[in-house]
Amino acid sequence: EQGRLAEGLALMRRSVACFRRAGRLDDEYLSALGRLAEAHRKAGDIDGAVRIAEHVLAARKEAHGEKDPKYGTALNNLAEALHLELHARG
């Protein structure tokens with residue numbers, strides 16, 4: 001199962017890279033990044049999940065402002081990753 005997980009993460013990274021190369025730093029790109037952060041979280045890479053979630057949150061804030069629901073979702077995703085980080089450090 002770890003092999004499939006690693007394969008999935010690699011594919012998600014490639015997807016995000018395709019958006020970047022195409023200059024597509026829009027909502028679709030940020031959603032792909034958010035899914036990548038979630039995958040890192042599920043894989044146990046909490047530091048990676050936090051780092052990506054922080055980036056998504058900052059980009060959502062810049063693009064839409066703090067009143068946008070997508071910003072709220074990004075904020076919640078970061079909070080979940082930070083919560084796990086806190087428990088992992090115990």
Side-chain angles (χ1 to χ4, degrees):
E1 184 163 315
Q2 287 294 340
R4 298 294 281 173
L5 183 58
E7 181 183 355
L9 282 170
L11 289 171
M12 292 178 95
R13 284 187 202 102
R14 285 177 56 197
S15 171
V16 167
C18 286
F19 281 106
R20 275 194 208 125
R21 280 194 306 276
R24 296 255 333 258
L25 306 180
D26 55 8
D27 278 341
E28 244 184 292
Y29 165 74
L30 292 175
S31 293
L33 267 183
R35 288 189 298 275
L36 180 59
E38 175 69 12
H40 275 274
R41 188 174 68 82
K42 287 181 178 180
D45 178 13
I46 305 305
D47 291 336
V50 167
R51 186 178 63 256
I52 296 167
E54 287 173 336
H55 176 73
V56 171
L57 180 67
R60 291 275 187 211
K61 182 177 180 180
E62 184 178 325
H64 303 290
E66 292 182 7
K67 293 184 179 182
D68 189 83
K70 291 178 182 180
Y71 176 81
T73 298
L75 189 62
N76 185 64
N77 292 344
L78 176 58
E80 286 180 20
L82 289 171
H83 179 78
L84 286 174
E85 181 182 58
L86 177 67
H87 286 289
R89 298 195 195 303

message = So L5 and K42, do their side chains get closer than 4.5 Å, heavy atoms only?
response = no
Exercise. Would you say the side chain of H64 lies within less than 4.5 Å of the side chain of Y71, judging by non-hydrogen atoms?
Worked result: no
Is there a path of hydrophobic side-chain contacts, each under 4.5 Å between heavy atoms of I, L, V, M, F, W or Y residues, that connects [X] with [Y]?
X	Y	result
V56	L82	no
V50	L75	yes
Y29	L9	yes
L78	I46	yes

Roughly how far, to the nearest 0.5 Å, is the [atom2] atom of [Y] from the [atom1] atom of [X]?
X	Y	atom1	atom2	value
E62	L57	CD	CG	11.5 Å
I52	L36	CD1	CG	4.0 Å
L33	M12	CG	CE	9.5 Å
L30	K70	CG	NZ	9.0 Å

Looking only at heavy atoms, the pair that brings A49 and A37 closest together is CB-O, 3.4 Å
Less than 4.0 angstrom from a charged side-chain N to a carboxylate O is my criterion; do E38 and R41 meet it?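 Yes, charged N to carboxylate O under 4.0 Å.
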Does the S15 side chain pair with the main chain of L11, one donor and one acceptor, at a distance under 3.5 Å?
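Such a contact is absent between S15 side chain and L11 backbone.
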Indicate whether the side chain of H40 and that of D47 have a donor and an acceptor atom separated by less than 3.5 Å.
no
task = Using the salt bridge (charged side-chain N to carboxylate O under 4.0 Å, His left out) rule, take D68 and K61 through it: C-alpha gap first, then chi angles, then the decisive distance, then the call.
result = CA-CA 8 Å; D68 189 83; K61 182 177 180 180; over 6 Å; no
